[in-house]
There are 2 protein chains.
Amino acid sequence: MSGKRPTLRDVAARAGLSVMVASYTFSRPDRVSEASRARILAAADELGYQPSQAARALRTGRTGLLGVVFSEHLGYAFRDPSAARFLAGIADVCADRGIGLTLLPTGGRLGPTDAITSASVDGFVFWTTAANDPALREAIASGRPVAIHGGPRIAGATCVSIDDHEAARAVARETLRSARRPALISFPAQVDQLPVVTTLDNVRSELPVTTERLRGVRDALAEAGIDQRSVGCHVLPENSRLLGREAAARIADDTPDIDAIITLSDEIALGAVAALNARNLTRVRITGFDGTPEALQSGITTIAQDLEMQGRRCAEIALGDRVTDSPIPWRLVRLSSTGSVSVS
Amino acid sequence: MSGKRPTLRDVAARAGLSVMVASYTFSRPDRVSEASRARILAAADELGYQPSQAARALRTGRTGLLGVVFSEHLGYAFRDPSAARFLAGIADVCADRGIGLTLLPTGGRLGPTDAITSASVDGFVFWTTAANDPALREAIASGRPVAIHGGPRIAGATCVSIDDHEAARAVARETLRSARRPALISFPAQVDQLPVVTTLDNVRSELPVTTERLRGVRDALAEAGIDQRSVGCHVLPENSRLLGREAAARIADDTPDIDAIITLSDEIALGAVAALNARNLTRVRITGFDGTPEALQSGITTIAQDLEMQGRRCAEIALGDRVTDSPIPWRLVRLSSTGSVSVS
DNA sequence: CTGTTAGCGCTTTCAA
DNA sequence: TTGAAAGCGCTAACAG
């Protein structure tokens, strides 16, 4: 057993060649004769040589790591299915290029940012956050490329998102074709959202995705001649199926005359479907948003969007690719013709 | 705007002190007089100084990064709820300590491992993998601490896991108290599992968690005097609810006399519940494994285990903590007394 | 195609 | 308490 990890110098010495031949063998193989390359590779193999990414990073300024930042507590990334689909897209790009995906630590609030700004990553992807998120400002200030999913649209960062406003308007309008007494269930409107039960006119949002979707719903209500102040709204502290179920149960129990529940996500919607199925309230229409596989299969009305593709695009941007800034498509998926909705 | 990021040298120059005073100010504040420290901090602030993790890593050998490795395609980490709970536990520890969580790229097969072994991380956490996974061997060979969730138990790495064998035996035995014609749905038994429909006696596994759980089921069957060759078994290529639903549907349609479906995970089980509910086959018992929140709420029989805690423990081990090697608890959760099962 | 030189930004000596 | 020197392992830039 040798005492320490072998370096390029050791490899070169063993092969009887210079350090640079060894270096080129790994980084620019074409600059080295086949014979030398073979000798270097043999020596490296015998020694069990592994290049030091730390040294390479110091020298080249590139780390081979992509940083992903969530303003929520990190565990969130692993609980929300939409975040998960988005991350899976990022992961695809990283796997293709042999790049590591680093989830940067945040305490779950808009707090100290040292760990983020000094992180050795080549670029940042932010999951939607507030415009005043200090981590976002610092990431931009660091000079490395920044992609944001869902907004805010802010100078120095590239935003990747569907038109949440138009999409939300479309799905709400579809619902209101046959409903007059809707209720709303929203995911968080603030970074550290507390649960809120109120009417729609009272809801203020600082998170861009929430803001845009609520605006779409409000527009559709206005078009249908329905007063926001008559529309009950639960704002959940987290985008979760269980919370959606509880909120829907409460809505159904408290306001038995409602005929639709508009939700801001499929997770919430699927929870609501479960609550209403349990009560046999099949006449209440439920809409979701995002088009998760489960939601599409369940037959609810929702907005389908390709979050994996958006994840891939964010990753490409954050890795410095020149990405054409085409709009992201979405489409309205209507309630299955039978009218029956199931939860898988 | 300055051309480049300021270094410690710039900070020191600005403060009229040596580089070392600046360095100590950040790494060992007590070795520096209060006056000097204040001057350095002021200079750093004015310059917008951020330490270079790359340089620090090269010098100290520590990167402040924890590496997590999945033998499956990386996207898996974000799709499987049990993996997600485990990762959330890891993420908690990382967030507490200001450590980054790096998901290391793998192509999804047991292939080249360069990206893993040369990765600049301080330690590794593996999600259960095959004993012959080259990435696992290389990680151990790199000399950095390695924790494995679920196995294999292998020299040089610390394994964190419940006793899958005993737990699976317990849940199967519970089911077989009132069932005589069970079918089985398993998650992958190999790294690149293809879908398989066969009988239980034909299933071979190289993944430790699958191996142990299957062994538990086989033991319970033997105790109940049921021949493995009579037990249909679907081996899924992935641990997913949708695939569980499809498999259960096929089982129900092909073998209408079955009275139980034993599954190796709650995700599969919840899919099976949906399939059977859709057919009104409420007399068929379904069991899961893992104790996800949804499964516990649905009322199925399952094994509850705390995957977040196991994630935390793996992270601690991989970060070099001395962790006492106590066994991980689990418990059997029996079918809710009403006998009715719901999907949320 | 191969080798030499210099230095990325930091911290570990060791001396003042 | 502060400072000078050396070097972590690698590669850009050049010269041979």
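Here is how names work: the chains are called A, B, and so on, in the same order as the sequence lines, proteins then strands, and each is numbered from 1. The model shown is predicted, which means the values in this text are computed figures rather than measured ones.
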Contact under 4.0 Å: [X] side-chain N or O vs [N] OP1/OP2:
X: S33(A); N: dT2(C); result: yes
X: S36(B); N: dT2(D); result: yes
X: S23(A); N: dT11(D); result: yes
X: Y24(B); N: dT13(C); result: no
X: S18(A); N: dT4(C); result: no

Taking for each residue the nucleotide of DNA chain D with the nearest heavy atom, is it V19(B) or R31(A) whose nucleotide lies nearer the 5' end?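 Mapping each residue to its closest nucleotide by heavy atoms, the 5'-most match is V19(B).
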Specify the separation, in whole Å, of atom [atom1] of [X] and atom [atom2] of [N].
X: L58(B); N: dG7(C); atom1: CG; atom2: C1'; answer: 12 Å
X: R59(B); N: dC10(D); atom1: CZ; atom2: C1'; answer: 15 Å
X: L8(A); N: dT5(C); atom1: CG; atom2: P; answer: 17 Å
X: R28(A); N: dC14(D); atom1: CZ; atom2: C1'; answer: 14 Å
X: R9(B); N: dC10(C); atom1: CZ; atom2: P; answer: 10 Å
X: M20(B); N: dA16(C); atom1: CE; atom2: C1'; answer: 15 Å
X: R62(B); N: dG9(C); atom1: CZ; atom2: C1'; answer: 20 Å
X: R56(B); N: dC8(C); atom1: CZ; atom2: C1'; answer: 16 Å

Base, sugar-phosphate, or nothing for F26(A), non-hydrogen atoms under 4.0 angstrom?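 Counting heavy atoms under 4.0 Å across all strands, no contact is made by F26(A).
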Do any N or O atoms from the side chain of T128(B) and from the backbone of G151(B) form a donor-acceptor pair under 3.5 angstrom?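 Yes, T128(B) side chain to G151(B) backbone: donor-acceptor pair under 3.5 Å.
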Is F124(A) close to V69(A) at the side-chain level, that is, under 4.5 Å between some pair of heavy atoms?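 Result yes, sub-4.5 Å side-chain heavy-atom pair found.
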Minimum-distance pair of heavy atoms, taken over all atoms of I140(B) and A157(B):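 Scanning both residues, the minimum pair turns out to be CD1-CB, 4.0 Å.
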Flag for R153(B)-T158(B): side-chain donor and acceptor within less than 3.5 Å: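 On atom types as modelled, these side chains do not qualify, holding no pair under 3.5 Å.
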How bent is the helix from dC1(C)-dG16(D) to dA16(C)-dT1(D), comparing axes over its five end pairs at each side, to the nearest 10°?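 What I find for the helix from dC1(C)-dG16(D) to dA16(C)-dT1(D) is an axis angle of 30°.
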So, F86(B) versus H149(B), ring centres under 6.0 angstrom or not?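 Between H149(B) and F86(B), which both carry aromatic rings, the centre distance is below 6.0 Å.
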Report the C-alpha distance between R97(B) and D321(B) in whole Å, list the side-chain angles of each, state the deciding distance to 0.1 Å, and finish with yes or no for salt bridge (charged side-chain N to carboxylate O under 4.0 Å, His left out). CA-CA 12 Å; R97(B) 308 194 186 183; D321(B) 287 15; 2.7 Å; yes
Selection residues 20-34 of chain A - residue pairs positive for side chain to side chain donor-acceptor pair (under 3.5 Å), sequence neighbours left out: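 Qualifying pairs: S33(A)-S36(A).
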